[in-house]
A.B. asks: 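Before we start, here is the structure in question, set down as structure tokens.
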Number of protein chains: 2
Amino acid sequence: MAHNPITLDLLRALDAIDQRGSFAAAATALHKVPSALTYTVQKVEQDLGIDLFDRSGHRAKMTPAGRLILDEGRGILRDIDTLASSAKKIASGWEPELRIGVDTIFEPSRLFSLIQAFNQEHPYIKVHLIHGALSGTWELLINGSADLILSGDGLDPKAEGYEIKRLAEMKRVFVVSKDHPLASKSCTVSEEEIAEYPTIVVKDTTQLLAPKTVGWTRHHRMVTVPTMQDKIEAQIAGLGVGFLPLHRIKHYLDSGDLVPVKVSQPDEPFKAILAYQKGNTGKALNWFREHITAEVLGLDLQV
Amino acid sequence: MAHNPITLDLLRALDAIDQRGSFAAAATALHKVPSALTYTVQKVEQDLGIDLFDRSGHRAKMTPAGRLILDEGRGILRDIDTLASSAKKIASGWEPELRIGVDTIFEPSRLFSLIQAFNQEHPYIKVHLIHGALSGTWELLINGSADLILSGDGLDPKAEGYEIKRLAEMKRVFVVSKDHPLASKSCTVSEEEIAEYPTIVVKDTTQLLAPKTVGWTRHHRMVTVPTMQDKIEAQIAGLGVGFLPLHRIKHYLDSGDLVPVKVSQPDEPFKAILAYQKGNTGKALNWFREHITAEVLGLDLQV
DNA sequence: GGAACCTTTCAAAAAAACTGAATAGCCATG
DNA sequence: CATGGCTATTCAGTTTTTTTGAAAGGTTCC
């Protein structure tokens with residue numbers, strides 16, 4: 001047994017026959033002569049050992065098996081068409097896959113609708129989301145695990161060779177849970193007062209680079225968590241205190257679950273950035289570079 | 001532009017080349033001569049207008065576009081193989097789809113693992129689950145909406161022409177919520193006492209047949225619900241009282257959420273049945289007829 | 001430098017697909 | 001019930017596509 005007798009020509013023939021209603025009409029549509037279709041169909045029927053058409057009546061009627069091959073075959077034909085155009089795309093500079101490293105300061109879910117839109121247009125380009133924290137996000141880019149990263153500035157290593165696109169500014173706010181002792185203080189709170197409570201810190205995911213830490217590190221009590229989401233939840237639960245990015249907690253400030261506290265430590269604003277290998281002209285990379293905006297990331301806050 | 005230049009032969013060629021590592025080895029595996037592969041590949045490259053192999057080095061290396069076609073092509077080849085064998089199956093008596101009507105007295109989820117097993121074996125045979133209640137389940141079979149039904153006996157219309165397979169016996173228990181006034185009665189409860197409380201009744205889904213009702217109908221107060229699951233939940237919530245099938249409430253009896261009450265009305269045991277059109281020799285039907293057992297339905301209770 | 005691979009080219013041969021005319025069946029119409 | 005118009009199939013011959021094998025040209029490895 002050599003191999004599968006089902007051919008793409010058969011699938012196209014079945015489709016045309018079903019659409020036009022007869023061998024004759026289908027033949028015309030396919031720029032062939034009816035006997036050519038008979039030949040195509042009979043060949044497969046013989047090789048497969050089953051009937052695709054019921055010839056008892058004089059108008060050929062598809063058998064259930066024929067119908068199955070038609071139905072599934074349409075999907076296969078569609079796949080092959082998509083595949084051909086995707087192959088052309090890739091040959092003309094679209095990457096087969098794009099890996100996006102997202103720093104935990106952003107909500108990866110913000111990118112979902114963007115990725116969905118992209119995938120609609122480019123079904124065979126796989127998009128991978130990878131999570132990182134602080135220097136760890138940069139490390140993804142540096143060690144080749146990601147093609148594009150989304151991070152905050154001030155974290156980039158001194159290394160050359162990376163293109164950086166700055167997006168909107170982000171603000172950090174020092175907040176505590178609504179039940180927290182500091183929540184009631186209306187005046188500026190001193191560092192000593194803050195030192196009474198554990199600080200929640202997001203742990204850098206880097207393996208090789210020097211880990212960075214944001215905010216105070218000279219506090220004695222410190223709880224580290226793997227992601228910004230954990231930090232937010234920990235602070236809401238009252239486990240500790242610390243700065244949180246405004247765009248991630250707007251909702252909780254509005255609802256009152258988190259309360260801002262004035263602190264002496266100046267708020268150092270910083271920027272959301274996109275970064276990628278210099279010289280990477282991939283079109284998928286470019287697409288995301290254009291489409292990832294402050295709005296998409298939820299940074300367009302009126303403060 | 002006639003049509004897609006990608007052929008199944010190309011996909012098979014790419015697969016072989018990738019597996020064997022060279023045109024020469026692949027050619028051997030495909031019982032061809034190397035130049036035949038060159039021809040196949042070059043033809044598609046020319047028609048598609050892109051390179052599938054990088055010939056700058058001496059050993060041909062697949063381009064990203066070639067790799068994409070290979071990767072997706074493997075899936076397509078697999079699909080076509082499955083399709084061929086499924087078509088043979090259907091031609092030899094397996095139905096393209098099987099519609100199973102399940103009476104609300106059973107938990108449809110009991111069939112899930114069975115359906116999963118079936119689908120593993122017969123990926124192209126679609127299984128539909130349809131819900132019905134009382135005569136409505138029979139109606140599914142009679143009006144051709146279902147090929148196989150799962151019901152309780154005593155509901156079958158007098159009509160001829162249906163094959164019935166009896167499964168295990170099912171018991172009904174009169175139960176009330178744990179907080180219900182009747183829950184504390186340890187002696188037999190009279191009909192008058194029961195009449196104090198609304199009875200929960202599953203409404204027959206039939207459109208054409210004479211609707212049946214199980215249990216008492218001469219009670220004044222009656223709440224009808226669409227499914228057995230609703231009835232169970234209503235009784236747990238204390239909304240009313242009534243008989244419930246033991247196999248659906250074993251768990252709640254054990255946990256004490258439902259409490260059995262002795263009643264004068266005799267418990268009329270009835271049987272789970274499978275029914276289908278006489279003369280239906282479909283193999284999928286047969287498969288389910290064999291595999292749907294008392295155990296699968298959760299009827300194998302030690303009482 | 002030579003042996004052992006590899007891929008490609010090319011003309012010829014083989015195989016497959018297609019054609020057109022003839023055949024035969026059904027069905028609606030008059 | 002005959003006829004014309006539709007259908008699909010058969011078959012022999014033709015065209016197109018695919019395959020072949022020998023020759024040529026490269027790379028790698030020893």
Side-chain angles (χ1 to χ4, degrees), chain A residues 1-63 65-67 69-70 73 77 80, chain B residues 1-63 65-67 69-70 80:
Chain A
M1 112 141 9
H3 61 220
N4 200 315
I6 296 180
T7 63
L8 296 179
D9 272 348
L10 173 78
L11 301 183
R12 284 186 267 260
L14 289 183
D15 179 53
I17 293 168
D18 181 64
Q19 276 188 35
R20 311 288 165 148
S22 74
F23 276 52
T28 311
L30 294 174
H31 308 293
K32 293 185 180 177
V33 102
S35 57
L37 283 192
T38 301
Y39 169 80
T40 303
V41 172
Q42 280 186 346
K43 184 161 185 350
V44 177
E45 284 182 316
Q46 189 172 326
D47 292 356
L48 213 47
I50 65 178
D51 281 357
L52 266 28
F53 287 88
D54 172 11
R55 276 110 168 156
S56 63
H58 201 84
R59 199 171 201 86
K61 183 80 202 109
M62 247 180 239
T63 60
R67 170 101 3 222
I69 295 182
L70 168 65
L77 289 176
I80 283 211
Chain B
M1 109 142 11
H3 60 220
N4 199 316
I6 296 180
T7 63
L8 296 180
D9 271 349
L10 173 78
L11 301 184
R12 285 186 266 260
L14 290 183
D15 179 52
I17 292 167
D18 181 62
Q19 277 189 35
R20 311 290 165 146
S22 75
F23 276 51
T28 311
L30 295 174
H31 309 293
K32 292 187 182 178
V33 104
S35 56
L37 284 191
T38 301
Y39 168 82
T40 303
V41 171
Q42 281 186 345
K43 184 163 184 346
V44 177
E45 285 181 316
Q46 189 171 324
D47 293 355
L48 212 49
I50 65 177
D51 282 357
L52 266 27
F53 286 87
D54 173 10
R55 278 114 168 152
S56 64
H58 183 65
R59 196 172 204 86
K61 182 81 201 108
M62 248 180 240
T63 60
R67 169 107 356 228
I69 294 181
L70 168 65
I80 284 210

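Just so it is clear, the structure is predicted and the values come from calculations on it, not from any experiment. Every heavy atom of this structure was used, including side-chain atoms; hydrogens, water molecules and symmetry mates were not. In what follows, chains are A, B, ... by sequence order, proteins preceding strands, each numbered from 1.
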A.B. asks: The criterion is side-chain contact (heavy atoms from CB on, under 4.5 Å); which residues satisfy it with A:I50, sequence neighbours excluded?
C.D. replies: A:L48, A:L52, A:A65, B:A87, B:K88, B:A91
A.B. asks: Rounded to whole Å, please give me the gap between CZ in A:R59 and P in C:dG25.
C.D. replies: 18 Å
A.B. asks: Applying side-chain hydrogen bond (donor to acceptor under 3.5 Å, both in side chains) as the test, list every pair that has at least one member in residues 18-31 of chain B; sequence neighbours left out.
C.D. replies: B:D15-B:Q19, B:D18-B:R67, B:D18-B:R74
A.B. asks: Output the residues of residues 28-44 of chain A in contact with DNA chain D, where contact means a heavy atom of the residue under 4.0 Å from an atom of the strand; sort by number or write none.
C.D. replies: A:P34, A:S35, A:T38, A:Q42
A.B. asks: Find out whether A:N4 and B:R12 are in side-chain contact, i.e. whether some heavy atom of one side chain is under 4.5 Å from a heavy atom of the other.
C.D. replies: yes
A.B. asks: Which residue pairs pass the salt bridge (charged side-chain N to carboxylate O under 4.0 Å, His left out) test with at least one member in residues 49-62 of chain A, sequence neighbours excluded?
C.D. replies: A:E45-A:R55
A.B. asks: Got a sec? Which of residues 10-27 of chain B come in under 4.0 Å of DNA chain D, heavy atoms?
C.D. replies: none
A.B. asks: Once you round to the nearest 0.5 Å, how far does CG of A:L11 lie from CG of B:L8?
C.D. replies: 7.5 Å
A.B. asks: With rounding to the nearest 0.5 angstrom, report the OG1 to CG distance, B:T63 to B:L70.
C.D. replies: 10.5 Å
A.B. asks: Hey, what do you get for CD (A:Q42) to CZ (A:F53), rounding to the nearest 0.5 Å?
C.D. replies: 11.0 Å
A.B. asks: Please list, chain by chain and in numerical order, all residues satisfying side-chain contact (heavy atoms from CB on, under 4.5 Å) with B:A13, sequence neighbours excluded.
C.D. replies: B:L37
A.B. asks: Looking at residues at least two apart in the chain, or sitting in another chain, which of them share a side-chain contact (heavy atoms from CB on, under 4.5 Å) with A:T7?
C.D. replies: A:D9, A:L10
A.B. asks: Give me the first and last nucleotide of DNA chain D, going 5' to 3', that has any atom under 4.0 Å from a heavy atom of chain A.
C.D. replies: D:dT7 to D:dT10
A.B. asks: When rounded to the nearest 0.5 angstrom, what is the spacing between OG1 in B:T38 and NZ in B:K32?
C.D. replies: 11.5 Å
A.B. asks: Once you round it to whole Å, what is the distance between P of C:dA24 and CZ of A:R55?
C.D. replies: 18 Å
